[in-house]
S.K.: 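One structure follows; several queries about it will come next.
Each chain gets a letter, A, B and so on, in the order its sequence line appears, and its residues count up from 1.
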Amino acid sequence: MSDTPQYREVKHLHLPEIDREILAFWNENQIFDKSISTREGNPTFVFFEGPPSTNGLPGIHHVMGRTIKDLFCRYQTLKGKQVSRKGGWDTHGLPIELNVEKSLGIRKDDIGVKISVEDYNKHCRQDAMRYIDIWNDVTEKMGYWVDMDNPYITYENEYIESLWWLLQQFYSKGLLYKGYSIQPYSPAAGTGLSSHEVNQPGCYREITDTTVVAMFKVINNTKSAFLFDDEQEDLRILAWTTTPWTLPSNTALTVGPKINYVKIKTTNPYTHQKVSVVLAESLVEKWFGAKNQPSIDEQSPTFTGKQLQNITYEQLLPFGNDIEPLDGATDAFRVILGDFVTTEDGTGVVHTAPSFGADDRKAARTAGIGTLTLVDKQGKFIDTVGEFSGRYVKDYLDDPSYVSVDVDIAVRLKLDNKALNVQKYEHNYPHCWRTDKPILYYPLDSWFIAASKYRDRMSELNQTINWKPATTGEGRFQNWLENIQDWNLSRSRYWGCPLPIWRTTDSSSEICIGSLAQLQTEIDKANRILGLNQTMPPDLHRPYIDNITLVSDEGEPMQRELDLIDVWFDSGAVPYAQWHYPFENKELIDDKKGFPADFIAEGVDQTRGWFYTLHAISVMLFDSVAYKNVVSNGLLLDEKGVKMSKRLGNVVDPFVAMDKYGADTVRWYIISNSNPWDNLKFSWKKEWNEDKTEVIREYSLGMEEVRNKFLGTLYNTYSFFALYANIDGFNYSQPEVPLANRPEIDRWILSLLNSLVKKVDAYYATYDATPAARLIQEFVSDHLSNWYVRLCRRRFWKGDMGVDKLSAYQTLYRCLEVVCQLASPIAPFITDFIFRNLNNTSQLHAAESVHLSQFPVANDLAIDAALEERMMLAQTASSLVLALRKKADIKVRQPLQKILVPVLNEQQQTQFEQIEKLILAEVNVKEIQFVSDTSGIVTKSIKPDLKKLGKKLGGKMKAVTTALAAFSQEDIKTIEQGSYNFNIDGETITVLLDEVLITSEDIKGWMVNSDKGVTVALDVNITPELAQEGIARELINRLQNLRKTSNFNVTDRINVQLEQNELIANVIENTALHQYICSEVLADSLTAVPHLPQTANTIDINEVVLGVVVTVSSAK
RNA sequence: AGGCUUGUAGCUCAGCUGGUUAGAUCACUACACUGAUAAUGUAGGGGCCGGCGGUUCGAGUCCGCCCAAGCCUACCA
């Protein structure tokens, strides 16, 4: 034993324990802080944390998202970048409000009645941070490095102040305006609903409505003349609706410009009057000609929707109301065009009521059509709708005597010869989740950001963003941008960022506040002019902010617009508000030091959420992208591919998973299993007790595989190294053995290692972590552990520290060290554990943690493709021989004399000769013999090289392939001269040697096996000498096992006494074998004795049982 | 309804610009190997590569249509 520090050895690997130890080390030594401070002055890598909401518990999917964020930040740190990561919490939003309402047992309309806004918001503020401790805990345990000590919190005044500043920017650019939009509205509750609320489970329900095909009478003028056969013709356009109550408010009919329409002459089934009607050609059959349907008396040639444009018609249900202007337009009762029109159902003509449909309103706007809003906010007709005045359009009051207004309108239309068809229709319709009543779509005033004005610029800048996967950016996000609508910011709620706009009651004056200082000035001004005594509210939320009255230039009081803003604005403003920009940290944004982000990551469901709001704000206000690279990850599903939900009990608790397998295992499993953007079926089984009330066991086969195959193997490789390096006192203080002086196998694994560094670096750099993880895993498990270490074992424990042994240590050391660096972004714990154990002894790195080291640089000179190919050959050949041994039922421990390898040329032979020793050692054979075809015992086979021949021959391929398959050995000899002429259908085709593939398949009279172009034959004769040697090796194996089970030290020398037996007598009396055995098992003596005590161990060699006593030798 | 993604062995995934008999892991069975191993080797079973059509000498791969699952968006009248 030497005096050098020892590599640490841990008997049984327990990953969660390593986690704890490394976490403690990180904390004590502030490794995270150092990973930033040691990069001071280097180029920065900017990362934004998408804030999670802490009012729910963290799930395993959060671990996934954060692993992705963490690993690329760690990688960039290794590459020398300075990566600061500010944490943050999302604290506003509907889920928090709903949670509070649920726990208090109240409803929205109770706010301000049963509970004050003040108290309500207090509850929200608490709820927002409800699980903050658990979140901090999961963040630490999973090894996610993000600054949790100074997070941004969206409810703080400073954050809100930044939001106000941004809003003021929009306002002063004329991009923030108040306007109407059609929104889901609940007349029963008297409130608008967010799409979130409408999409709650159970809101869409099957209901039966009265539908009407209404007939709109066409006015005969120059536009429409082509439709009329004569002046008297009664010509009508058909339009279908499921909401007849919107018919009095009709102001237009929308047709598809490319849809074909026809005119049908028929008879109205209700009035029996002759009438001509216009509808889409493909929908004629739906309404006409069949039994119980109106007849088709005559059908016109088709005309397109475009031709119908601007034809005017008589108002269907005129009650003398003035057309309300829409963007100033008051035109009405005209056919307009709309791309949204389909021929799926209805008549291919959409009855358009711009006040009650978003599409309607959009189409009407572009066509310059006005609107009619004949229903009020209580859901009843206003007083000027004739017989329908004052009637509720749906039963909003639970009135037992309620009569459907839809039915009455249908009846009226039938009587007036204005309906062609009236029937019941079942369809899905959204309902208010609070009142269970059908919602209606209604124009409500809201504050908007004019995002549509920046549609082109947003698309343009999006093309400079690197999306992972690319299709999300090019497809989903790009499409979204191209159809972007103005952003509705208004929310009529209580807990959120208040809109900083004050208005006079007549809306003649307004002010948008952009800072606390400005608010203070305005408060002072109002106090002075209005004689008030207001002070700055300590909290910018409602209700305090609502109580502030400001004053207009004209001296009129102004009140705040009561709206809150969309929480998505909170998160879209992260780049600026997290730094309290522009009130602090101005240079971060203005000098582009902390903006835009180099990298962000979030779930793909955020495409229209965070990804969009970040983009929109930065493009509109800063004419910049907000992020240069973005990874959008898919969902985590349970084992069966079902979305995880608490209700189904199929959620995986991240704490349980990490406690059981360690954070590295969870992280590695998630990254290596599938690309982040593909949905991941999370391997996790739960076994329940009989009553199904308690989980008795939960486990993950997938994670066990990761642990056993990768992390465990990596650790074992290290532990193998440590065992012998400690014995030999290897501490890397000796000079580096030059590459040229290292044996073939060392140069091989180093070649692979350097190739690996290059590939992994490239994958990380392009945000492709999954292939990087798979390559690292393959290297460790298949190449390093299973081939390099297995073949080199002896080099570590045999002999003195010569060049060969030193080379082995240095090579394995480097492999372990570099692998740890490469894998550390994904598996930060075990890699730091191993790296530090290595480095503590060798002191090769100044860095005290793998995470503070520099990413390894590949040495191109060490990469040798020919060598890598040769080693593949050795592995293949060894496999083939092992398979042959198995077939002949000869154990590997039994030495055999020789293998035969047919070679086609000298080059191939040279290649084999370089790896000869490795193969022989691996398969326990004494010699290798090469046979060339001149010996006449090698059988060859021939195949076409399809890539080359396919292009040349085309249709003649099949014939040539068949001919080649029938080739004799003689034919192959012929083509080996250079070429061969085929006669196919009387045509001569010349195939060159270059265009076929020749392999040696068989050797006459031998057991042969071949694969991947390699063929080997095995001599299976066991001579008495070989048999004896076989027994010697069996004996060695048993003695080694005894050493192990007796817990001897690896270096202990022993004395061996064997029970006398014929089987072994010859072996131990053979001087060479005797010495061989002793040197292998470190025996000072090996003797056969007639009798052994009862307590002796027994061993079994070739079914012979004999006693053995092994004792530690006192002679040292 | 539209956009996007996915569909290969019982499971989880590879399969590069079309090329010969479609691979790996896990799980199962048997036998080996082990002086690091929760490792590994050999052998075995297991596949209408979601379906149909097309292009081609040749399709898991390219094209079209369809089916299924998922996500996002949508008042489809």
Side-chain angles (χ1 to χ4, degrees), chain A residues 12-13 182-184 195 198 211 239-243 246 254 340-342 344-347 349-353 356-360 429-430 439-441 469 471-472 474-477 479-480 483 603-609 634-635 637 639 641 643 672-674 677-681 683 701-702 704-705 707-709 711-713 715-724 774 778 781-782 785-787 789-790 793-794 796-797 878-879 882-887 889 891-893 943-947 949-950 953-961 997 1037 1040-1041 1043-1044 1050 1080-1082:
Chain A
H12 286 286
L13 178 65
I182 307 298
Q183 293 165 44
S195 57
V198 174
T211 68
W240 181 64
T241 179
T242 56
T243 52
T246 60
T254 309
F340 64 94
V341 180
T342 68
E344 293 285 312
D345 46 25
T347 61
V349 180
V350 176
H351 139 64
T352 302
F356 303 105
D359 279 341
D360 299 29
Y429 198 82
I439 61 155
L440 50 90
Y441 291 86
T471 45
T472 298
E474 290 158 7
R476 188 185 280 223
F477 196 60
N479 291 342
W480 165 256
N483 293 306
V604 68
D605 53 344
Q606 292 297 320
T607 310
R608 269 87 157 175
L635 293 180
L637 309 172
E639 267 211 326
K643 202 174 167 176
S672 66
N673 190 63
S674 62
W677 41 89
D678 288 334
N679 289 346
L680 170 60
K681 284 188 200 165
S683 159
L701 291 175
E704 279 170 18
E705 194 179 330
R707 187 190 58 188
N708 296 353
K709 268 205 71 152
L711 299 174
T713 305
Y715 175 75
N716 283 324
T717 308
Y718 161 76
S719 128
F720 169 84
F721 168 84
L723 176 66
Y724 293 107
R774 286 174 179 168
E778 188 192 3
S781 167
D782 294 355
S785 167
N786 186 41
W787 190 252
V789 173
R790 194 155 56 91
R793 233 175 294 160
R794 292 177 70 82
F796 290 88
W797 58 272
S878 301
S879 287
L882 291 172
L884 283 172
R885 296 190 77 115
K886 167 77 190 158
K887 207 178 274 175
D889 203 19
K891 298 184 176 189
V892 179
R893 227 176 268 127
K943 281 176 186 171
D945 187 336
L946 293 171
K947 260 190 183 162
L949 273 180
L953 299 184
K956 308 265 173 5
M957 272 294 298
K958 267 194 181 135
V960 173
T961 306
L997 304 167
N1037 170 256
Q1040 300 288 30
N1041 288 346
R1043 288 185 63 112
K1044 206 173 172 183
V1050 171
E1080 287 295 308
V1081 302
L1082 302 184

S.K.: So does A/Tyr724 get a side-chain nitrogen or oxygen closer than 4.0 Å to the phosphate oxygens (OP1/OP2) of B/A36?
M.R.: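 The answer is yes; a side-chain N or O of A/Tyr724 sits under 4.0 Å from OP1 or OP2.
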S.K.: Whole-Å distance between B/A36 P and A/Arg793 CZ?
M.R.: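 Those two atoms, CZ and P, are 6 Å apart.
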S.K.: Could you work out the separation of B/A9 and B/G15 based on their C1' atoms and round it to a whole Å?
M.R.: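 One C1' to the other, the span is 14 Å.
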S.K.: When the C1' atoms of B/U21 and B/U17 are considered, how many whole Å apart are they?
M.R.: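 Approximately 23 Å lies between the C1' atom of B/U21 and that of B/U17.
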S.K.: Listing time: all N or O pairs from protein to nucleotides 21-25 of chain B that are below 3.5 Å?
M.R.:
| from | atom 1 | to | atom 2 | distance (Å) |
| --- | --- | --- | --- | --- |
| B/U25 | O2' | A/Glu705 | OE2 | 2.0 |

S.K.: Rounded to the Å, how far apart are A/Asp678 CG and B/C4 C1'?
M.R.: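 Nearest whole value for this atom pair: 12 Å.
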S.K.: Using whole Å, report how far CZ of A/Arg794 lies from P of B/C33.
M.R.: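 It is 16 Å, rounded to the nearest whole Å.
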S.K.: Look at the side chain of A/Asp360 and the backbone N and O of A/Ala353, then say whether any donor-acceptor pair between them is shorter than 3.5 Å.
M.R.: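 The answer is yes, because a donor-acceptor pair under 3.5 Å joins these two groups.
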S.K.: When all nucleic acid strands are considered with a 4.0 Å heavy-atom cut-off, which category describes A/Gly357: base, sugar-phosphate, or nothing?
M.R.: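 Base, at least one base atom sits under 4.0 Å.
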S.K.: Can you tell me how far C1' of B/U34 sits from CZ of A/Arg1043, to the nearest Å?
M.R.: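 That distance rounds to 15 Å.
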S.K.: Looking at B/C33, I'd like to know if its phosphate oxygens (OP1 or OP2) sit under 4.0 Å from a side-chain N or O belonging to A/Asn1037.
M.R.: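 The answer is no; no side-chain N or O of A/Asn1037 sits under 4.0 Å from OP1 or OP2.
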S.K.: Closer than 3.5 angstrom, by distance alone: can the side chain of A/Arg774 be matched with the main-chain N or O of A/Asn673 as a donor-acceptor pair?
M.R.: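 Pair found, side chain donor or acceptor close to backbone of A/Asn673.
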S.K.: Quickly work out the A/Trp797 CH2 to B/A36 P distance and round it to whole Å.
M.R.: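 One finds 8 Å between P of B/A36 and CH2 of A/Trp797, rounded.
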S.K.: If we check side chain to side chain contact (heavy atoms under 4.5 Å, CB included) with A/Thr352, which of these qualifies: A/Val341, A/Thr241, A/Thr246, A/Thr254?
M.R.: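 Result: among A/Val341, A/Thr241, A/Thr246, A/Thr254, A/Thr254 is the only option passing the side chain to side chain contact (heavy atoms under 4.5 Å, CB included) with A/Thr352.
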S.K.: In whole Å, what separates the C1' atom of B/U61 from that of B/U8?
M.R.: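 The answer is 12 Å between these two C1' atoms.
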S.K.: In whole angstrom, give the distance that lies between atom CG of A/Asn679 and atom C1' of B/C13.
M.R.: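 Atom CG in A/Asn679 sits about 15 Å away from atom C1' in B/C13.
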S.K.: Under the rule for side-chain contact (heavy atoms from CB on, under 4.5 Å), what residues qualify as partners of A/Arg793, not counting sequence neighbours?
M.R.: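 Expected list: A/Phe720, A/Arg790, A/Trp797.
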S.K.: Between B/C26 and B/G41, how far is it from one P atom to the other, in whole Å?
M.R.: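 Nearest-Å result for B/C26 against B/G41 at atom P: 8 Å.
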S.K.: Output the rounded distance in Å from CG (A/Asn716) to P (B/C33).
M.R.: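 So the two atoms are 21 Å apart, to the nearest Å.
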S.K.: Would you say A/Arg790 reaches B/A36's phosphate, i.e. side-chain N/O to OP1/OP2 under 4.0 Å?
M.R.: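 The answer is no; no side-chain N or O of A/Arg790 sits under 4.0 Å from OP1 or OP2.
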S.K.: Would you mind telling me which residue lines up with the more 5' stretch of RNA chain B, A/Ser672 or A/Gln1040, judged by nearest nucleotide?
M.R.: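 Result: A/Ser672.
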S.K.: Going from OG1 on A/Thr713 to CG on A/Asp782, what distance comes out if it is rounded to the nearest 0.5 angstrom?
M.R.: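 Spacing of OG1 (A/Thr713) from CG (A/Asp782) equals 9.5 Å.
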S.K.: Rounded to whole angstrom units, what separation is found between the CZ atom of A/Arg885 and the P atom of B/C33?
M.R.: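 Roughly 9 Å, once rounded to whole Å.
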S.K.: If the condition is side-chain contact (heavy atoms from CB on, under 4.5 Å), which residues does A/Arg1043 pass it with, not counting sequence neighbours?
M.R.: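 With sequence neighbours excluded, A/Arg1043 shows a side-chain contact (heavy atoms from CB on, under 4.5 Å) to A/Gln1040, A/Phe1048, A/Asp1052, A/Ile1054, A/Leu1082, given in chain and number order.
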S.K.: So what is the 5' to 3' dot-bracket string for RNA chain B, if pairs are Watson-Crick or G-U wobble with both distances under 3.5 Å, crossing pairs use [ ] and | means the partner sits on another strand?
M.R.: (((((((..(.((.....[...)).).(((((.......))))).....(((((..]....))))))))))))....
S.K.: Between A/Pro469 and A/Val789, which residue's closest nucleotide on RNA chain B lies nearer the 5′ terminus?
M.R.: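 Whichever sits nearer the 5' end wins; that is A/Pro469.
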S.K.: My understanding is that only residues two or more places apart in sequence, or in another chain, count here; which of them pass side-chain contact (heavy atoms from CB on, under 4.5 Å) with A/Glu705?
M.R.: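 For A/Glu705 the side-chain contact (heavy atoms from CB on, under 4.5 Å) partners, ignoring immediate neighbours, are A/Lys709.
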S.K.: Could you go over nucleotides 9-12 of chain B and give all protein N or O partners under 3.5 Å, atom names and distances?
M.R.:
| from | atom 1 | to | atom 2 | distance (Å) |
| --- | --- | --- | --- | --- |
| B/U12 | OP1 | A/Lys681 | NZ | 3.0 |
| B/U12 | O3' | A/Asn673 | ND2 | 3.3 |
| B/U12 | O2' | A/Asn673 | OD1 | 2.2 |
| B/U12 | O2' | A/Asn673 | ND2 | 3.3 |

S.K.: Is the phosphate of B/A77, meaning OP1 or OP2, less than 4.0 Å from a side-chain N or O of A/Thr254?
M.R.: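 Looking at the OP1 and OP2 atoms of B/A77, neither is under 4.0 Å from any side-chain N or O of A/Thr254.
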S.K.: Take atom C1' in B/G18 and the same atom in B/C76, then report the distance between them in whole Å.
M.R.: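 These two C1' atoms come out 42 Å apart once rounded.
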S.K.: What's the gap between B/C13 and B/A22 when it is taken at their C1' atoms, as a whole Å value?
M.R.: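 Roughly 14 Å separates the two C1' atoms.
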S.K.: Using the C1' atom as the point on both nucleotides, what is the distance between B/C57 and B/C48, in whole Å?
M.R.: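 One C1' to the other, the span is 23 Å.
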S.K.: Rounding to the closest angstrom, what is the interatomic distance between B/A69 and B/G64 at atom P?
M.R.: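 The same atom, P, in both gives a distance of 23 Å.
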S.K.: Is A/Arg893 near enough to B/C33 that one of its side-chain N or O atoms lies under 4.0 angstrom from OP1 or OP2?
M.R.: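 Yes, A/Arg893 has a side-chain N/O under 4.0 Å of OP1/OP2 on B/C33.
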